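Values in this document were obtained by computation on a predicted structure and should not be read as measured data.
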Amino acid sequence: MEDRYGKFMMLINNINRCIKRIENDQMHKYNLRSYHISCLYNLYKHKGITATDLVEMTQQDKASISRSIDFLQDNEYIYCQSKTLKKYKSPILLTQKGQLVAKEIADKIDLVLKQLDQLLTDSQREEFYQNLQNIYQALKNVQERKSVEDEH
């Protein structure tokens with residue numbers, strides 16, 4: 001009998017591990033971690049977004065984004081456009097240093113996506129993302145039902 005759970009978890013974990021390794025590749029020279037990459041990438045692609053926007057775009061928790069912003073600001077990759085607005089409402093911009101690193105990140109991501117594009121047709125890719133969305137939604141539904149059951 002096929003171990004579907006084991007196969008599913010192995011593939012998901014291996015994919016995640018590969019993504020983290022790709023993200024970390026060459027980022028050590030900038031003293032960056034994989035969780036900084038999504039912030040820099042989104043700031044590069046969407047100029048002047050806020051910390052609240054980053055939380056929404058990356059689906060990371062507010063505390064993680066806050067720590068990332070603090071680190072990136074302390075290391076002169078980003079700056080807040082406004083000193084008067086609350087931290088989560090102030091647009092965040094890349095410094096010149098941040099622009100260079102974020103461009104390198106975006107170029108690496110584009111290269112990886114181009115390689116992946118060769119594996120699937122447009123319709124296969126659409127179906128793949130729809131399947132991932134369906135799996136996510138099903139797991140989320142199970143999680144939410146469990147939370148409701150635990151309350152009772």
Side-chain angles (χ1 to χ4, degrees), residues 1-73 77-78 80-81 87-95 98-151:
M1 180 164 177
E2 182 181 10
D3 179 13
R4 289 179 31 211
Y5 175 77
K7 186 175 185 178
F8 175 78
M9 291 307 298
M10 179 204 56
L11 289 170
I12 293 293
N13 288 333
N14 285 343
I15 289 168
N16 188 48
R17 200 172 340 202
C18 285
I19 291 169
K20 294 298 176 207
R21 284 183 184 140
I22 291 168
E23 287 177 339
N24 285 325
D25 183 39
Q26 304 214 349
M27 289 300 105
H28 65 277
K29 69 183 172 188
Y30 299 115
N31 196 28
L32 295 172
R33 303 279 185 228
S34 61
Y35 48 88
H36 298 130
I37 291 172
S38 60
C39 288
L40 289 170
Y41 179 78
N42 281 292
L43 288 166
Y44 183 76
K45 292 294 185 178
H46 311 281
K47 310 287 187 258
I49 59 176
T50 66
T52 302
D53 297 328
L54 282 173
V55 168
E56 181 67 29
M57 289 175 172
T58 64
Q59 292 295 296
Q60 293 182 36
D61 63 89
K62 196 173 179 179
S64 295
I65 292 297
S66 184
R67 283 190 302 275
S68 290
I69 289 170
D70 288 344
F71 175 87
L72 293 170
Q73 198 166 12
Y77 290 101
I78 64 171
C80 288
Q81 190 171 19
K87 185 176 180 177
Y88 270 79
K89 300 294 181 200
S90 179
I92 302 167
L93 298 167
L94 294 167
T95 63
Q99 281 280 348
L100 292 172
V101 174
K103 182 181 181 337
E104 184 178 328
I105 291 166
D107 290 347
K108 180 92 173 190
I109 289 170
D110 289 344
L111 177 66
V112 169
L113 291 176
K114 279 182 186 175
Q115 291 175 350
L116 295 176
D117 282 347
Q118 296 172 4
L119 299 174
L120 303 170
T121 65
D122 289 344
S123 61
Q124 288 172 323
R125 188 173 19 274
E126 226 174 274
E127 186 177 345
F128 172 73
Y129 284 120
Q130 185 59 55
N131 287 332
L132 282 178
Q133 180 63 38
N134 292 342
I135 291 167
Y136 165 71
Q137 193 58 54
L139 292 171
K140 187 175 175 189
N141 290 343
V142 168
Q143 173 192 353
E144 288 170 356
R145 274 194 299 264
K146 175 77 173 123
S147 294
V148 169
E149 289 171 3
D150 288 347
E151 289 176 5

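With hydrogens and angles disregarded, no donor-acceptor distance shorter than 3.5 Å links the side chain of S66 to the backbone of K62. Between the N16 side chain and the I12 main chain, no donor and acceptor come within less than 3.5 Å of each other. A side-chain donor-acceptor contact under 3.5 Å links T95 to the backbone of Y77. Here the side chain of D53 pairs a donor or acceptor atom with the backbone of T50 at under 3.5 angstrom. Side-chain N or O atoms of D25 include none that pairs as donor or acceptor with a backbone N or O of R21 at under 3.5 Å.
Evaluation of the ring-ring contact (aromatic ring centres under 6.0 Å, His included) test over residues 10-63, restricted to residues two or more places apart or in two chains, returns H36-F71.
Inter-residue side-chain proximity for L139 and Y136 is flagged as unmet; no heavy-atom pair is nearer than 4.5 Å. Residues Q133 and Q137 have side chains in contact (heavy-atom distance under 4.5 Å, counting atoms from C-beta outward). In this structure, the side chains of D122 and E126 stay at 4.5 Å or more apart for every pair of heavy atoms. Counting heavy atoms from C-beta on, the side chains of L43 and I49 come closer than 4.5 Å. Residues T52 and I65 have side chains not in contact (no heavy-atom distance under 4.5 Å, counting atoms from C-beta outward). Between N141 and E144, some side-chain heavy-atom pair lies under the 4.5 Å cut-off. For the pair L72/I92, no side-chain contact is recorded, criterion being any heavy-atom separation below 4.5 Å from C-beta on.
Tested against I109, the residues D107, V112, I105 include a single side-chain contact (heavy atoms from CB on, under 4.5 Å) partner, I105.
Crowding of R33 atom CZ: a count of heavy atoms from other residues, nucleotides or ligands under 6.0 Å not exceeding 12. Other residues, nucleotides and ligands place more than 12 heavy atoms under 6.0 Å from the NZ atom of K29. The environment of NZ in K20 is crowded: more than 12 heavy-atom neighbours from other residues, nucleotides or ligands sit within 6.0 Å.
In this structure, CG on L40 lies 11.0 Å from CD on E104, to the nearest 0.5 angstrom. Between atom CD1 of residue I69 and atom SG of residue C80 there is a gap of 6.5 Å, rounded to the nearest 0.5 Å. Between atom CG of residue L113 and atom CZ of residue R125 there is a gap of 9.0 Å, rounded to the nearest 0.5 Å. Rounding to the nearest 0.5 Å places OG of S38 at 11.0 Å from CD of Q59. Put simply, CE on M9 and CG on D3 are 11.0 Å apart, with the number rounded to the nearest 0.5 Å. Considering OG of S64 and CG of L54, their distance stands at 12.0 Å, rounded to 0.5 Å.
The two residues V55 and Q60 make their nearest non-hydrogen contact at CG1-O, 3.4 Å. Taking each heavy atom of K108 and I22 in turn, the nearest pair found is CE-CG2, 4.0 Å. The shortest non-hydrogen separation linking S34 to N24 is N-OD1, 3.2 Å.
No salt bridge links K114 with D117; every basic N to acidic carboxylate O contact stays at or beyond 4.0 Å.
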For Y129 and N131, run side chain to side chain contact (heavy atoms under 4.5 Å, CB included): C-alpha distance rounded to whole Å, both residues' side-chain angles, the deciding distance at 0.1 Å, then the answer. CA-CA 5 Å; Y129 284 120; N131 287 332; over 6 Å; no
